[in-house]
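A note on names: the letters A, B, ... follow the listed sequences, proteins ahead of strands, and every chain is numbered from 1.
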Amino acid sequence: MDISLVAESPFRFRIERRAPMRVPGVVFATADLLPRAASGEALEQVANVATLPGVVRASYAMPDVHWGYGFPIGGVAATDVEDGGVVSPGGVGFDISCGVRLLAADIDRAGLEPRLRKLMDILGDTIPRGMGRGGLWKLSGRAEMEKLLVGGAGYAVEHGHGVPSDLTFCEDEGALEDADPSQVGARAVERGLQQVGSLGSGNHFLEVQAVDRVYDERTASAFGLRPGRICVMIHCGSRGLGHQVCTDHVRVMDRTLDRYGISLPDRQLACAPVESPEGRAYLGAMSAAANYGRANRQLLTQAVRRAFATAAGVGVDLVYDVSHNMAKIETHRVDGARRRLCVHRKGATLALPPGDPSLPEELAEAGQPVLVPGTMGTASYVLVGEKGNDAFHSACHGAGRVWSRHQALREVRGEALRDDLESKGIAVRPSSWRGLAEETPEAYKDVDAVAGATEGAGLARLVARLVPVGVVKG
DNA sequence: ATGTTC
């Protein structure tokens with residue numbers, strides 16, 4: 001497909017609808033970020049998504065968009081459930097409910113300084129990470145797993161891994177209600193039993209950060225953020241369990257495309273109507289895997305609390321937990337009518353504005369926190385949802401890759417990167433030199449530019465900038 | 001992302 005972009009504003013570009021697209025594409029970016037988005041066929045994927053049955057309004061790309069499996073990462077697309085709308089596992093991604101949790105410690109940067117090394121040593125020794133390698137909480141078997149898949153972060157809290165108030169500051173209060181553990185296969189359960197409370201690898205990390213700058217004092221204060229405060233950002237997902245759920249259901253849907261008369265420009269877009277046995281089965285399994293991801297981040301939170309208590313004698317509060325790989329059934333106004341939509345956000349977060357009725361009262365006035373992890377050498381951001389977001393209240397989820405992992409390995413050595421970061425005062429606890437090198441800050445877009453474009457496009461508003469102090473790398 | 005190629 002030949003992709004041509006039309007500038008609608010300095011922050012918004014349109015891909016004109018042409019057969020077989022059912023809706024246009026919309027790319028949120030700046031002229032500087034656009035060439036990055038256009039690389040690796042990500043924009044062709046935006047156009048491909050616009051062909052899905054039941055898709056409404058537009059196929060969207062966030063400023064951090066890059067190439068992914070079927071759908072681009074940084075892509076958002078909604079389908080009309082009552083109009084044959086489909087759900088596609090590729091629109092969620094292999095790491096179901098991959099997401100970010102931000103914690104805030106009762107200590108500032110200066111106060112932590114003399115204890116930072118000890119803190120990092122404890123975190124480095126106690127946070128399970130890397131491929132395989134076990135987790136903090138070993139489940140006894142399928143029966144216990146099913147309870148976790150239904151209860152999510154709440155199940156972890158019930159078992160002493162956290163406090164009930166944590167759940168207030170989790171999206172969906174830590175669990176999606178429509179989880180169906182019976183749709184999670186034996187292999188997925190087997191892979192997940194040993195991995196609850198583990199970081200994983202790739203771009204997953206746990207960072208000790210300091211609030212570097214506040215843009216909106218009132219909202220930052222509502223989130224518990226003030227200049228100099230020490231925070232912890234946890235980025236991880238649903239490990240082997242989510243991966244296996246995606247694999248299993250993609251296979252099923254790939255085989256049922258003909259039965260539903262669905263033709264696709266790319267088989268990786270495999271999908272089924274939301275209101276079909278295959279669609280419902282996937283959504284039930286996806287929600288269960290999402291709840292696993294939330295429980296996983298809850299367990300890691302407790303390990304962080306233990307580390308801060310031992311190293312610095314201080315407590316740690318939960319600021320918020322968001323998933324950025326999800327499909328959710330939501331109601332939105334489309335062409336003047338309220339419609340039930342299946343909103344796919346793959347590498348994109350929900351970003352509800354102040355006053356949205358689905359926010360808990362503690363966040364109603366401020367709006368929903370948007371957590372944007374950057375890179376271990378630059379910065380991360382907290383934004384907040386705002387009114388007028390026509391991308392179904394969605395925002396970016398990170399900096400977005402520009403180098404392949406292969407290219408990063410050609411350019412950078414892990415040991416040299418560690419020395420570079422340490423010389424900047426960033427303590428590093430890698431799990432492998434190769435994994436560290438693959439995640440070199442140069443492999444990513446400029447997160448300041450991505451966050452700025454997200455605000456410029458009216459998707460969310462800047463609240464605070466966080467800089468890394470210590471990195472525990474998956 | 002991923003028992004890094006069922």
Practice prompt. May I ask you to say what Gly240(A) touches in the nucleic acid, namely base, sugar-phosphate or nothing, with a heavy-atom cut-off under 4.0 Å?
Written response: sugar-phosphate

Fill in: Protein-nucleotide distance (Tyr69(A), atom OH; dT4(B), atom P), rounded to Å
17 Å

Response to the item:
Taken to the nearest whole Å, CG/Asn296(A) to P/dT2(B) is 10 Å

Response to the item:
Between CZ of Arg251(A) and P of dT2(B) the distance, given in whole Å, is 18 Å

Worksheet item: In terms of side-chain heavy atoms, does Arg133(A) have a donor or acceptor partner in Gln194(A) at a distance below 3.5 Å?
Response: no

Worksheet item: To the nearest Å, how far apart are Met131(A) CE and dT2(B) C1'?
Response: 5 Å

Worksheet item: Once you round it to whole Å, what is the distance between C1' of dT2(B) and NE2 of His204(A)?
Response: 10 Å

Practice prompt. Would you classify Gly93(A) as touching base, sugar-phosphate or nothing, given that sugar-phosphate means primed atoms plus P, OP1 and OP2, and contacts are heavy atoms under 4.0 Å?
Written response: nothing

Discussion item. Distance check needed: dC6(B) P versus Phe94(A) CZ, whole Å only.
Written reply: 11 Å

Discussion item. Students often get this wrong, so: under 4.0 angstrom with heavy atoms, is Gln195(A) touching a base, only sugar-phosphate, or nothing?
Written reply: sugar-phosphate

Discussion item. In this structure, how many angstroms lie between the P atom of dC6(B) and the CD atom of Gln244(A), rounded?
Written reply: 10 Å

Practice prompt. Send over the distance from Arg133(A) CZ to dT2(B) P, rounded to a whole Å.
Written response: 12 Å

Worksheet item: So, Asp166(A) and Gln298(A): side-chain donor and acceptor under 3.5 Å apart, yes or no?
Response: yes

Item to complete: Say whether Asp32(A) and Thr30(A), considering side chains only, have a donor N or O and an acceptor N or O under 3.5 Å apart.
Response: no

Discussion item. What's Arg405(A) touching, base or sugar-phosphate or nothing? Going by heavy atoms closer than 4.0 Å.
Written reply: sugar-phosphate

Practice prompt. For dT2(B), take OP1 and OP2 only and decide whether either is under 4.0 Å from a side-chain N or O of Thr247(A).
Written response: no

Worksheet item: Taking only residues two or more places apart in sequence or in another chain, which ones pass side chain to side chain donor-acceptor pair (under 3.5 Å) with Asp266(A)?
Response: none

